[in-house]
Number of protein chains: 2
Amino acid sequence: MSARTVSRVVNNEYGVAEATRKQVLEAIEELGYRPNLLARALITKRSGTVGLVGGDMTDPYFPALAEAVHHRVSESGRTTFFACTGNDPQRQDMVLRSLWSYAVDGVIVFPAPDSVDQLRGYARLGLRIVVVDDVIDAPGIACVRFDLVAGARLGVRHLLDSGRRRVGMLASELSPPRRRRRESGFRSAFDDAGLDHGAIVRAPPTVQGGEAGIDRLLDLQPDLDAILAYNDVMAIGAVRAIEARGRRVPDDIAVVGFDDVELSAYMRPALTTVRLDRSLLSIEVTRALHSFIDAPGDRFDPVVLPVELVVRQSA
Amino acid sequence: MSARTVSRVVNNEYGVAEATRKQVLEAIEELGYRPNLLARALITKRSGTVGLVGGDMTDPYFPALAEAVHHRVSESGRTTFFACTGNDPQRQDMVLRSLWSYAVDGVIVFPAPDSVDQLRGYARLGLRIVVVDDVIDAPGIACVRFDLVAGARLGVRHLLDSGRRRVGMLASELSPPRRRRRESGFRSAFDDAGLDHGAIVRAPPTVQGGEAGIDRLLDLQPDLDAILAYNDVMAIGAVRAIEARGRRVPDDIAVVGFDDVELSAYMRPALTTVRLDRSLLSIEVTRALHSFIDAPGDRFDPVVLPVELVVRQSA
DNA sequence: GTTGAAATTGTCATCGTTGACAGAAAGGCG
DNA sequence: CGCCTTTCTGTCAACGATGACAATTTCAAC
């Protein structure tokens with residue numbers, strides 16, 4: 001009974017006599033044997049694991065997506081490991097290096113700013129990458145993103161339709177110019193309407209960032225009557241800061257967010273927001289990943305996901 | 001220039017001539033060489049990684065703690081991988097198996113129900129485990145927990161002091177009897193005061209669970225004037241459900257939660273809650289882990305962390 | 001019983017690294 | 001210069017699995 005035979009049994013390979021198989025399984029049970037995945041991955045270059053790399057765990061969008069992705073990935077018998085980069089390219093490099101050298105079958109990445117070349121590099125090393133919310137044309141990299149331009153336009157349209165005219169935007173300071181698609185949509189919606197948009201202020205995409213951003217925005221332009229925020233977390237900060245200044249939401253200033261995190265519905269006022277459907281995203285990113293893993297190719301056509309406006313109380 | 005020499009340079013080992021070292025470093029740079037961590041971990045039985053295993057990512061307490069742990073762990077040059085179990089012992093087993101067989105240096109676990117023997121088993125296999133919020137006496141397992149009994153007593157005391165007399169409790173259905181320390185504290189506080197407590201209802205520790213729990217609780221005992229909730233997420237659900245029934249918080253029914261997640265302060269009414277200080281917890285769990293990793297021993301005295309009541313608007 | 005093909009099992013090399021130890025080079029000293 | 005010590009570098013085996021292929025067993029058919 002050689003190690004090779006045990007290996008065959010463990011991997012359910014063809015060509016083991018039923019009696020031997022049973023015998024091996026009993027021995028495995030008795031001895032509590034567990035295959036060493038390190039050794040296996042070392043030789044097969046495959047580990048049966050997938051990495052999900054996000055920027056900031058404390059943004060509730062990430063955990064919710066993570067849960068969904070984990071679920072889908074586990075259906076293919078793989079384990080998902082999560083890691084976060086704090087939106088720092090160096091930390092992202094560390095994380096990707098670890099994941100790569102543990103031979104993950106692929107990673108799903110919310111890329112840190114200015115890390116396109118880094119990602120290209122890992123793709124060249126053979127790491128299969130699914131990039132969320134950016135467009136990188138390279139073999140081994142698949143791109144999945146929401147139609148944020150349309151999303152911003154939906155939001156602006158809604159605000160204009162409800163009579164708002166002085167609309168500012170709270171953008172994220174982490175988005176490099178290439179990825180400022182919400183801003184493009186914001187601008188283009190005003191162009192189409194033949195109106196001028198209000199100021200755009202960039203801040204960290206957090207609750208605190210939202211508060212700070214609003215302070216700057218209202219100092220810049222005190223007569224604003226509506227805000228389009230980069231995401232729900234910023235929108236929440238915005239609502240807080242607006243109320244702290246003694247103005248009311250939505251009566252004085254309307255607020256529209258992006259994401260539709262669970263919490264948005266529980267806020268008072270409940271948040272009007274552009275929904276980026278996590279379930280949709282989780283389906284598409286795992287589909288992309290599986291197509292990479294199971295198929296021989298290294299190309300995957302970019303996917304653009306639709307968005308939808310969820311009108312609640314804040315606008 | 002043998003592989004052994006390169007290995008020595010990469011690991012900063014003693015006994016390499018300066019000239020050779022420089023030469024090797026240049027070659028590494030030029031060729032883009034990266035050591036294969038799989039092979040290294042296979043032979044050294046150490047991977048320089050740590051696992052953090054939680055039940056539910058969508059409970060905001062976990063990501064916030066994860067961020068803090070990640071930060072602390074990375075200071076020792078290690079990478080943290082996160083995984084979640086959905087509070088399912090089988091999924092926990094899969095996750096721990098993966099982590100173990102990737103030779104993580106240790107794991108921090110929020111244990112799924114009924115998994116004590118499982119954890120003992122992995123500890124016997126050599127996995128170093130830090131258990132949060134449970135007490136398991138076994139070599140290789142360290143335990144860190146909050147003083148939840150005191151926390152519940154603080155919460156009840158506060159409610160009694162503000163004149164509430166009919167106090168119900170929203171507990172978690174995932175806690176096995178051994179771990180119902182909030183409930184013990186709840187009961188003992190009433191015993192001490194010579195009063196009777198209200199009904200205790202168990203539900204899933206989620207927003208939806210909180211809503212469902214409140215419905216059952218108020219059907220059972222419609223005259224409740226206060227609720228102690230298992231955690232903030234349930235408390236948020238409770239507030240929602242109470243208001244949906246046309247009662248007000250805190251005027252009609254006061255609500256106290258546990259955790260003090262960031263969001264608690266942003267709710268309206270802002271949540272009164274028993275703070276389980278994440279920063280404290282992250283310090284202690286990583287301390288425990290490092291003591292396991294760097295020291296030869298396999299014993300670590302259980303740590304009990306203090307809690308504090310944060311009074312806001314909901315009670 | 002022999003033969004041949006098919007089914008089953010075993011052997012050996014390999015993945016990329018490090019531990020143990022041996023060999024080579026360099027330096028110190030009489 | 002020879003000898004010894006110290007410093008540096010290389011060789012070999014091993015970690016635990018699998019790929020390639022060889023060896024053995026089984027079994028049917030002649």
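A, B, ... follow the sequence lines: proteins, then strands. Residue 1 opens every chain.
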So does [X] pair up with [Y], basic N to acidic O under 4.0 Å?
X: B:Glu75; Y: B:Arg72; result: no
X: A:Arg181; Y: A:Asp133; result: yes
X: A:Arg78; Y: A:Asp105; result: yes
X: B:Asp137; Y: B:Arg299; result: yes
X: B:Arg278; Y: B:Asp259; result: no

Checklist entry - Does anything in residues 18-40 of chain B reach DNA chain C, meaning a heavy atom under 4.0 Å, and if so which residues? => result B:Tyr33, B:Arg34, B:Pro35, B:Asn36, B:Ala39, B:Arg40

Checklist entry - For the pair made of CZ in A:Arg46 and C1' in D:dA17, what is the distance, rounded to whole Å? => result 17 Å

Checklist entry - Does the side chain of B:Thr5 get closer than 4.0 angstrom to OP1 or OP2 of D:dG10 through an N or O atom? => result yes

Item to check | Covered region of DNA chain C, 5' end to 3' end, by chain B [heavy atoms, under 4.0 Å] | outcome: C:dG16 to C:dA20

Item to check | Spacing of A:Gln92 atom CD and A:Cys84 atom SG [to the nearest 0.5 Å] | outcome: 11.5 Å

Checklist entry - Can you tell me how far CZ of A:Arg21 sits from CD1 of A:Ile28, rounded to the nearest 0.5 angstrom? => result 10.0 Å

Item to check | Contact letters for nucleotides 19-28 of chain D, in which S counts primed atoms plus P, OP1 and OP2 and B counts the base, heavy atoms under 4.0 Å | outcome: BB--------

Next on the checklist: To check you understand the geometry: which heavy-atom pair defines the closest contact between B:Val107 and B:Leu96, and what is its length?
Outcome noted: CG2-CD2, 4.2 Å

Item to check | Aromatic ring pairing A:His70/A:Phe82, orientation class (parallel under 30°, perpendicular over 60°, tilted between) | outcome: tilted

Next on the checklist: Once you measure the plane-to-plane angle for B:Phe81 and A:Tyr102, does it fall in the parallel (<30°), tilted (30-60°) or perpendicular (>60°) bin?
Outcome noted: perpendicular

